Amino acid sequence: MNIKPFRIEHYYAKYEFSAKFMLSSSDAQSRTLGELLSLEPGAREAMDEHWLGYTEAPGAPYLRQAITTIYQTQEADDVLVLSSAEEGIFVAYHALVGAGDHVIVETPCYESGLEVARSTDAEVSTWQRHYEDGWAHDLGALGQMIQPNTKLLYINTPSNPTGTNMTPEVFASVMNLAKERGIIVLCDEVYRELEHDPSQRLPAACDAFENAISLGSMSKAYGLPGLRLGWLATRNKSVIEKCLHFKYYTTICSSAPSEFLTALALRQRDVILSRNLEIVQKNLPLMQAFFERHSDLFSWVKPDASPIGFPKVNIGGDVMAFCEEIVRETGVLLLPGSVYDQPRHVRVGYGRSNMPEALGILEDYLKRRD
Ligand SMILES: Cc1ncc(COP(=O)(O)O)c(C=O)c1O
């Protein structure tokens, strides 16, 4: 298997734990283990008693049951628990496609959505969205891309890096097209449930049709990436079966403490999501106002979901060098768009509670730099 270096994670590895202010993070504000346990009476004592043996390979039954509460039509057996969405992407591609198959990937996207597909020996086409079109989805282009051997379509809504959701019409059309043409949809929904207006939430793909897989995670909307816990949900039994067989070669089963803590977090998901949404709703207008004050430098399609956005940076020079200068001089970390093959953009994050401070520091620096 050949796989390219993961540019997003390489950039983050260089700065994430040394930069003082994360102004590009894609995960919502996290919380301590103690804070999570305090959400339920008796949770700490139950954690002390939690058995540290292997867990069931498809995921502990109580956890799969808790995950079904996110969906309308899923049963516990429709869920495969994994040690993160990253494992979900790896397992799904390698279990489901290979040489002779064609895969379509919506781009720009989180790098593994594209590069893991390429590592399978399948032929890969990109369904490209463009800033100039407001990151719109070109359904005509998607239709033309489909081949007789197109087996899987990867989409990501709400999207990393744009922070925008598909429109309900586009989502329904994509699902119908996939249904008609017998294509599996792998829908990366790690930012789902963090729509800025919750009434705009799309149906989960796994509820929309039987050949669609929803990829979920505790990392983003829930802000608990340290749990390293994700899942695939689908009514297609053969997909679950194939992915389970692959999982025996990756992690066998997930972490017992993480399964326990994830089930707890999901029982309390309203509390967790509403705190995270509150931070996003408070921060986003500040970021919007910042971009308006600096409209000579930044322009964006305002996100409608997730804690991230992907503005265009109107500078003459190299945006990567600009980001490196900013982190060096201020400790504020932006993510250069070149890691998404979008070299004129940066990814910003507004899901952290210290975002106003980070934005203030960036603004002071930009004024001094003028
Ligand atoms: C769209 C998308 N999918 C998957 C992942 C991986 O998430 P996890 O932390 O669950 O591995 C990320 C992480 O940034 C992401 O943005």
Side-chain angles (χ1 to χ4, degrees), residues 3 6-13 15-16 22 24-30 59 63 67 70 79-93 105-117 126-127 129 135 152-166 185-195 202 204-205 213-233 243 247 250-251 254-255 258-259 261-262 265-266 272 276 280 303 305-310 333-335 337 339-340 342 347-352:
I3 193 154
F6 203 137
R7 293 168 297 174
I8 300 174
E9 298 302 339
H10 273 261
Y11 195 81
Y12 259 48
Y15 294 112
E16 185 174 4
M22 300 300 293
S24 50
S25 296
S26 61
D27 42 346
Q29 175 82 15
S30 199
L63 173 58
I67 292 170
I70 301 171
V79 174
L80 176 63
V81 175
L82 295 147
S83 303
S84 75
E86 185 73 337
E87 189 188 13
I89 293 172
F90 192 85
V91 162
Y93 276 132
V105 177
E106 177 192 343
T107 57
C109 71
Y110 185 61
E111 216 163 349
S112 50
L114 181 59
E115 294 307 334
V116 178
T126 57
W127 183 30
R129 297 158 69 209
W135 301 120
L152 188 144
L153 166 66
Y154 169 92
I155 55 174
N156 172 214
T157 187
S159 138
N160 178 355
T162 65
T164 54
N165 222 350
M166 272 185 182
V185 177
L186 174 57
C187 187
D188 188 330
E189 296 174 0
V190 300
Y191 300 98
R192 190 167 176 273
E193 300 185 278
L194 207 58
E195 296 77 11
L202 291 173
I213 311 166
S214 290
L215 173 68
S217 170
M218 293 313 287
S219 297
K220 307 299 179 178
Y222 297 96
L224 299 170
L227 291 181
R228 307 313 298 136
L229 201 130
W231 58 88
L232 297 167
C243 291
K247 184 187 173 185
T250 52
T251 54
S254 301
S255 141
S258 292
E259 290 196 331
L261 293 167
T262 297
L266 291 177
I272 291 175
N276 295 352
V280 162
S306 86
I308 49 175
F310 203 46
L333 188 66
L334 301 171
L335 180 63
V339 298
Y340 291 91
Q342 299 281 327
R347 190 180 83 187
V348 292
Y350 44 88
R352 298 287 173 90

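Counting convention: from 1, in listed order, for ligands and their atoms alike. One-based numbering along the sequence shown. Just so you know, these numbers use all the heavy atoms, side chains as well, and skip hydrogens, waters and symmetry mates. On a predicted model such as this, the values are computed, not experimentally measured, just so you know.
The two residues S214 and A204 come nearest to each other via the heavy atoms OG-CB, 3.8 Å.
Ligand 1 has no nitrogen or oxygen under 3.5 angstrom from a nitrogen or oxygen of E9. Residue S217 has at least one nitrogen or oxygen atom sitting less than 3.5 Å from a nitrogen or oxygen atom of ligand 1, judged on distance alone. The shortest N/O to N/O separation between N156 and ligand 1 does not fall below 3.5 Å.
Nearest residue to atom 7 (O) of ligand 1 from S83, A85, S84, P161 is A85 (criterion: closest heavy atom). The residue among L224, N160, D188 with a heavy atom at the shortest distance from atom 2 (C) of ligand 1 is D188.
Note: F310 and Y340 have perpendicular aromatic rings, judged against thresholds of 30 and 60 degrees for the angle between ring planes.
Ligand 1 has S26 within reach: a non-hydrogen atom of the residue lies less than 4.0 Å from it. Within the 4.0 Å heavy-atom cutoff, R228 counts among the residues contacting ligand 1. The closest approach between a heavy atom of E87 and any atom of ligand 1 is not below 4.0 Å.
A donor-acceptor contact under 3.5 angstrom links the side chains of Y12 and S24, judged on distance only.
Shown here are the salt bridge (charged side-chain N to carboxylate O under 4.0 Å, His left out) partners of D27, two or more places apart in sequence or in another chain: R352.
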